[in-house]
Amino acid sequence: VDVRAFSHPEFGALIERYRPDAILTTYSFDPDTALVREGRKRNIPTLAMVKSWDNLTSKTRISVEPDRLLVWSPSMKREAMRYHFVPEHKIAVVGAPGFDEHFRSRDYGDRRDYMRHIGADPDAKLIVYSPGETFTLSDSANLRTIAGIVADEGLGVKSHVHIRKLPKVQSDYSNVQDELGITSER
């Protein structure tokens with residue numbers, strides 16, 4: 001119904017102008033469904049990726065089904081079939097291409113230099129905490145619990161807690177950083 005009932009004039013005009021052989025989106029939900037819709041209207045093969053491990057269980061149903069849905073694992077394939085009613089023959093298990101770059105052979109720099117850069121002891125184990133888009137009371141409680149465990153002398157492992165923010169998040173963690181002796185970066 002979505003394919004027949006709605007249109008996206010800007011995407012339609014781009015497709016008409018460039019006449020692609022196929023359309024690949026890196027997201028299987030809105031707003032990328034509009035691009036899939038316009039491709040399907042023109043009988044252009046469409047492929048849509050599932051961007052994150054939890055998208056098939058945490059998002060609404062895929063509103064415009066692509067010709068091929070690209071998932072990370074057999075488990076995600078089952079979720080696509082069960083929760084989004086995508087036929088098995090339309091699903092391809094391709095791994096998690098967004099992480100391929102992390103497994104290429106390259107120099108990420110010296111770990112000790114990085115630890116110094118973030119203000120941590122170069123010999124400490126690094127504990128990374130990644131809050132969501134907003135810093136919540138539960139994040140604060142979680143960090144206090146983690147910092148308490150790290151500070152426990154019985155743990156026997158020198159560790160440093162570091163907050164890794166999502167790229168677009170502007171949250172200020174200075175109060176919890178100063179209180180707990182942890183660091184953060186975006």
Q | Heavy-atom pair of closest approach, residues Gly39 and Ile23 | A | CA-CD1, 3.6 Å
Q: Provide the closest heavy-atom pair for Leu35 versus Phe11 in the form atom of the first, atom of the second, distance.
A: N-CD1, 3.6 Å
(Q) Please find the pair of heavy atoms, one from Ile127 and one from Ser159, that lie closest to each other, and give the distance. (A) CD1-CB, 3.9 Å
**Q.** Interatomic spacing from CG in Asp67 to CD in Glu65 - rounded to 0.5 Å
**A.** 8.5 Å
Q) Is the shortest heavy-atom distance from the side chain of His8 to the side chain of Glu10 under 4.5 Å? A) yes
Q) Would Val64 and Ile62 satisfy side chain to side chain contact (heavy atoms under 4.5 Å, CB included), going step by step from the backbone distance to the final call? A) CA-CA 6 Å; Val64 181; Ile62 296 171; 5.7 Å; no
(Q) Is it the case that atom NZ in Lys125 sees more than 12 heavy atoms from other parts of the structure closer than 6.0 Å? (A) no
Q: Taking the side chain as every heavy atom from C-beta outward, state whether Val176 and Arg144 have any atom pair closer than 4.5 Å.
A: yes
Q: Please determine if Lys158 and Asp121 form a salt bridge, counting it only when a charged side-chain N lies under 4.0 Å from a carboxylate O.
A: yes
Q: Evaluate the criterion side chain to side chain contact (heavy atoms under 4.5 Å, CB included) for residue pair Ile163 and Ser130; output intermediate values, then yes/no.
A: CA-CA 6 Å; Ile163 302 171; Ser130 296; over 6 Å; no
Q. Side chain of Asp110, backbone of Asp113: donor and acceptor closer than 3.5 Å?
A. yes
Q: Hey, could you give me the CE/OH distance between Met76 and Tyr83, rounded to the nearest 0.5 Å?
A: 12.5 Å
Q.
Evaluate His162 against Ser184 for side-chain hydrogen bond (donor to acceptor under 3.5 Å, both in side chains), listing each step before the verdict.
A. CA-CA 5 Å; His162 184 67; Ser184 73; over 6 Å; no
Q. Measuring from Thr183:OG1 to Arg164:CZ, what's the distance to the nearest 0.5 Å?
A. 9.5 Å
Q.
Could you see if Tyr27 belongs to whatever hydrophobic cluster contains Val71? Use Ile, Leu, Val, Met, Phe, Trp, Tyr and a side-chain cutoff under 4.5 Å.
A. yes
Q | Short side-chain to backbone donor-acceptor contact, Arg61 and His84, under 3.5 Å | A | yes
**Q.** ILVMFWY network linking Leu56 to Ile91, side-chain heavy atoms under 4.5 angstrom
**A.** yes
Q.
Closer than 3.5 angstrom, by distance alone: can the side chain of Arg116 be matched with the main-chain N or O of Arg111 as a donor-acceptor pair?
A. no
Q. Quick one: does Trp72's side chain have a donor or acceptor within less than 3.5 Å of a partner on Val50's backbone?
A. yes
**Q.** Where Leu69 and Ser28 come nearest, the two heavy atoms and their spacing
**A.** CD1-CB, 3.8 Å
Q: Specify the closest pair of heavy atoms between Met115 and Pro122, including all atoms of both residues, with the distance to one decimal.
A: CB-CA, 3.7 Å
(Q) Hydrophobic clustering (ILVMFWY, side-chain heavy atoms < 4.5 Å, transitive) - are Val150 and Tyr129 grouped together? (A) yes
Q: Sort out for me which residue in Asn55, Leu24, Asp32 forms a side-chain contact (heavy atoms from CB on, under 4.5 Å) with Met49.
A: Leu24
(Q) Taking Phe29's backbone N and O only, do any of them form a donor-acceptor pair with Thr33's side chain (distance below 3.5 Å, no angle check)? (A) no
Q: Working to the nearest 0.5 Å, report the span between OG of Ser52 and NZ of Lys59.
A: 7.5 Å
Q. Where do Arg40 and Val36 land on the side chain to side chain contact (heavy atoms under 4.5 Å, CB included) test, with the steps shown first?
A. CA-CA 6 Å; Arg40 287 205 39 210; Val36 172; 4.3 Å; yes
Q: Could you pull out the closest heavy-atom pair between His160 and Gly119, with the gap in Å?
A: CE1-O, 4.2 Å
Q) Taking a hydrophobic cluster as the set of Ile, Leu, Val, Met, Phe, Trp and Tyr residues connected by side-chain heavy atoms closer than 4.5 Å, whether directly or through intermediates, do Ile44 and Leu14 fall within one such cluster? A) yes
Q: Show the numbers, then the answer: is there a side-chain hydrogen bond (donor to acceptor under 3.5 Å, both in side chains) between Glu38 and Ser7?
A: CA-CA 7 Å; Glu38 295 304 313; Ser7 64; 4.8 Å; no
Q. Side-chain heavy atoms under 4.5 angstrom apart, residues restricted to Ile, Leu, Val, Met, Phe, Trp, Tyr: same cluster for Leu180 and Ile146?
A. yes
Q. Taking 4.0 angstrom as the limit, do Arg42 and Glu16 come out as a salt bridge?
A. yes
Q: Could you check if a side-chain atom of Arg68 sits within less than 4.5 angstrom of a side-chain atom of Pro66, using non-hydrogen atoms only?
A: no
Q) Within a reach of under 6.0 Å around CZ of Arg82, are more than 12 heavy atoms found that belong to other residues, nucleotides or ligands? A) no
Q | Pair Lys165 + Glu185, salt bridge at N-O below 4.0 Å | A | no
